[in-house]
Amino acid sequence: MTTQIITIDGPVASGKGTIANLVAQELGWRYLDSGALYRLVALSAKENSVAVEDEIQLAKLAAELPVEFLEGEIYLYYQLVTNKIRAEEIGLIASQIAMHPKVRTALLERQKEFAKEANLVADGRDMGSVVFPEAQLKVYLTASAEERAKRRVKQLGLAIDSPEYQKIYQDILARDERDKNRTVAPLKPAQGAKILDSSTLSIEETVKKIIKWYQELVN
Ligand code: C5P
């Protein structure tokens, strides 16, 4: 059976995680949060004192990482790490280690496994361009850097005018820069991707739009 795949790529804090998860729920499909895999390698590297420059050791970690995704929770070495990997520090380490080709190759097969037996909604940076180029629908979800920083601040329960806003905004710009300019799998819309700017759309509107696009494509 050919499995159906929808990919949702986009910059940091574009809301792709929330949107992809909801699209998967609505369709009754499996969900792959590929960023979580990079974050898990980052957490493991930090805890095992592996340097962000050590490509060989990082690739080894990535290939062997004992990870489990169970009912919305993520486990690493049987420990619950769902919240731990969301820390800004882990995100920054993840974006540094994601620049290594050997780390990306080590994670490639692990990601492809997710679509072997079930229809899949996958979110990340290169889901449509590298990992699942055969996907029926490819979406590039974006929003302005200011809007994304505001969403992240809100998510952390902080006020928009809090001193943390500037730091989060600068971190988002730095991470965009790194994701877009790396030589391997840079962040850019996949060939044939539909661009969706969610700056002025609600979560519900964004989910509806993606499902409508998919239905138009397959009907
Ligand atoms: O999406 P999230 O912020 O969880 O991803 C963490 C980091 O992992 C990103 O900044 C990006 O550098 C990297 N990543 C990637 N390719 C993916 C998913 C994430 O390079 N498919």
Side-chain angles (χ1 to χ4, degrees), residues 5-24 31-46 52-53 55 58-59 61-62 65 67 69 72-74 76 81-115 120-133 135 138-143 145 147-149 151-153 155-156 168-190 193 198:
I5 304 172
I6 296 177
T7 59
I8 303 180
D9 289 306
V12 61
S14 57
K16 32 183 207 332
T18 308
I19 301 297
N21 209 343
L22 287 170
V23 171
Y31 164 56
L32 165 64
D33 170 2
S34 65
L37 290 173
Y38 288 90
R39 286 171 181 269
L40 286 160
V41 179
L43 177 64
S44 188
K46 186 180 170 231
V52 291
E53 300 84 22
E55 182 170 6
L58 291 169
L61 273 185
L65 217 57
V67 175
F69 291 87
E73 302 289 357
I74 304 173
L76 178 64
V81 293
T82 319
N83 293 330
K84 220 172 174 182
I85 61 165
R86 294 292 148 212
E88 287 296 311
E89 184 201 357
I90 299 297
L92 283 174
I93 301 176
S95 78
Q96 287 170 287
I97 63 166
M99 290 196 278
H100 297 307
K102 288 191 169 63
V103 172
R104 305 201 72 85
T105 307
L107 291 181
L108 188 64
E109 268 317 301
R110 299 189 77 141
Q111 295 173 88
K112 284 181 179 293
E113 285 288 320
F114 280 82
L120 185 73
V121 181
D123 87 54
R125 304 292 189 288
D126 61 346
M127 295 297 99
S129 54
V130 177
V131 184
F132 301 113
K138 299 174 193 177
V139 177
Y140 186 81
L141 186 67
T142 187
E147 182 59 33
R148 288 184 280 134
R151 288 179 189 170
R152 188 47 56 95
V153 166
Q155 208 177 37
L156 294 171
I168 288 173
Y169 177 64
Q170 293 303 331
D171 278 353
I172 283 179
L173 291 182
R175 202 115 62 95
D176 278 359
E177 195 63 19
R178 210 174 293 133
D179 286 350
K180 284 180 183 162
N181 294 318
R182 67 178 174 223
T183 35
V184 194
L187 171 68
K188 60 165 191 244
S198 73

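Counting starts at 1 for both ligands and their atoms, in listed order.
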Asker: Does an N or O from Arg182, backbone or side chain, lie closer than 3.5 Å to an N or O of ligand 1?
Answerer: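 Between Arg182 and ligand 1, an N or O pair is found under 3.5 Å apart.
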
Asker: Using modelled atom types only, decide if a donor and an acceptor are shared between the side chain of Lys188 and the backbone of Lys180 within a distance under 3.5 Å.
Answerer: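 It does not hold such a pair.
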
Asker: Identify, for atom 8 (O) of ligand 1, the protein heavy atom at the shortest distance, and state residue, atom and that distance.
Answerer: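 The protein heavy atom lying closest is Tyr38 CB, 3.5 Å.
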
Asker: If we only consider heavy atoms of Met99, is any one of them less than 4.0 Å away from an atom in ligand 1?
Answerer: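 Judged by the 4.0 Å heavy-atom criterion, Met99 does not count as contacting ligand 1.
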
Asker: Who's the nearest protein heavy-atom neighbour of atom 16 (N) of ligand 1, and how far?
Answerer: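 The answer is Arg104 NH2, 3.0 Å.
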
Asker: Can you measure from OH (Tyr38) to CD1 (Ile93) and round to the nearest 0.5 angstrom?
Answerer: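 Taking OH in Tyr38 and CD1 in Ile93, the distance rounds to 16.0 Å.
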
Asker: What's the shortest distance from atom 11 (C) of ligand 1 to any protein heavy atom, and which residue and atom give it?
Answerer: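 For this ligand atom, the closest protein heavy atom is Asp179 OD1, 3.5 Å.
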
Asker: Can you name the atoms of ligand 1, numbered from 1 with element, that are less than 4.0 Å from a heavy atom of Lys16?
Answerer: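 Here the atoms of ligand 1 in question are 1 (O).
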
Asker: May I ask you to decide whether Arg152 forms a salt bridge with Asp171, counting only side-chain N to carboxylate O separations under 4.0 Å?
Answerer: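 Answer for the salt bridge query: no.
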
Asker: Quick one: look up the protein heavy atom nearest atom 7 (C) of ligand 1 and list residue, atom name and how far away it is.
Answerer: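 Going atom by atom, the protein heavy atom closest to atom 7 (C) of ligand 1 ends up being Ala94 CB, 3.8 Å.
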
Asker: Within ligand 1, which atoms have a heavy atom of Met127 less than 4.0 Å away?
Answerer: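 Close to Met127: 21 (N).
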
Asker: Is there a heavy atom of Arg178 sitting under 4.0 angstrom from any atom of ligand 1?
Answerer: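 No heavy atom of Arg178 comes that close to ligand 1.
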
Asker: Looking at Arg175, which atoms of ligand 1 are within less than 4.0 Å of one of its heavy atoms?
Answerer: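 Numbered from 1, ligand 1 contributes 3 (O), 10 (O).
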
Asker: Nearest 0.5 Å, please: how far is CG in Leu43 from CD1 in Ile90?
Answerer: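 Nearest 0.5 Å value for the CD1-CG distance: 5.0 Å.
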
Asker: Give a yes or no on whether the backbone of Ala62 and the side-chain of Arg110 come within a donor-acceptor separation of less than 3.5 Å.
Answerer: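 Side chain of Arg110 to backbone of Ala62, a donor-acceptor pair under 3.5 Å: yes, one is there.
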
Asker: Could you grab the distance from atom CG of Leu76 to atom NZ of Lys84, nearest 0.5 Å is fine?
Answerer: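 It comes to 8.5 Å.
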
Asker: What's the shortest distance from atom 3 (O) of ligand 1 to any protein heavy atom, and which residue and atom give it?
Answerer: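 The closest heavy atom on the protein side is Arg39 NH2, 3.0 Å.
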
Asker: Among protein heavy atoms, which lies nearest atom 1 (O) of ligand 1, and at what distance?
Answerer: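 Closest protein heavy atom to atom 1 (O) of ligand 1: Arg125 NH1, 2.9 Å.
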
Asker: How long is the straight-line distance from CZ of Arg104 back to CG of Leu37, given to the nearest 0.5 Å?
Answerer: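 Answer for the CG-CZ pair, Leu37 versus Arg104, is 11.0 Å.
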
Asker: Of the side chain and backbone of Gln96, name the one, both, or neither that has a heavy atom under 4.0 Å from an atom of ligand 1.
Answerer: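 The answer is neither; Gln96 stays 4.0 Å or more away.
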
Asker: How close does the nearest protein non-hydrogen atom get to atom 13 (C) of ligand 1, and which residue and atom is it?
Answerer: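 Looking at atom 13 (C) of ligand 1, the protein heavy atom closest to it is Ala98 CB, 3.8 Å.
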
Asker: Report yes or no: do Arg175 and Ser95 form a side-chain donor-acceptor pair below 3.5 Å?
Answerer: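 No, Ser95 and Arg175 have no side-chain donor paired with an acceptor closer than 3.5 Å.
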
Asker: Under 3.5 Å, is there a donor-acceptor pair between the Arg151 and Thr18 side chains?
Answerer: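 Side chains of Arg151 and Thr18: no pair found under 3.5 Å.
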
Asker: Looking at atom 18 (C) of ligand 1, what's its closest protein heavy atom, distance included?
Answerer: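 So the nearest neighbour among protein heavy atoms is Ser34 OG, 3.5 Å.
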
Asker: Taking salt bridge (charged side-chain N to carboxylate O under 4.0 Å, His left out) as the criterion, tell me which of Arg125, Lys16, Arg86 meets it with Asp33.
Answerer: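 Exactly one option meets the salt bridge (charged side-chain N to carboxylate O under 4.0 Å, His left out) with Asp33, and it is Arg86.
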
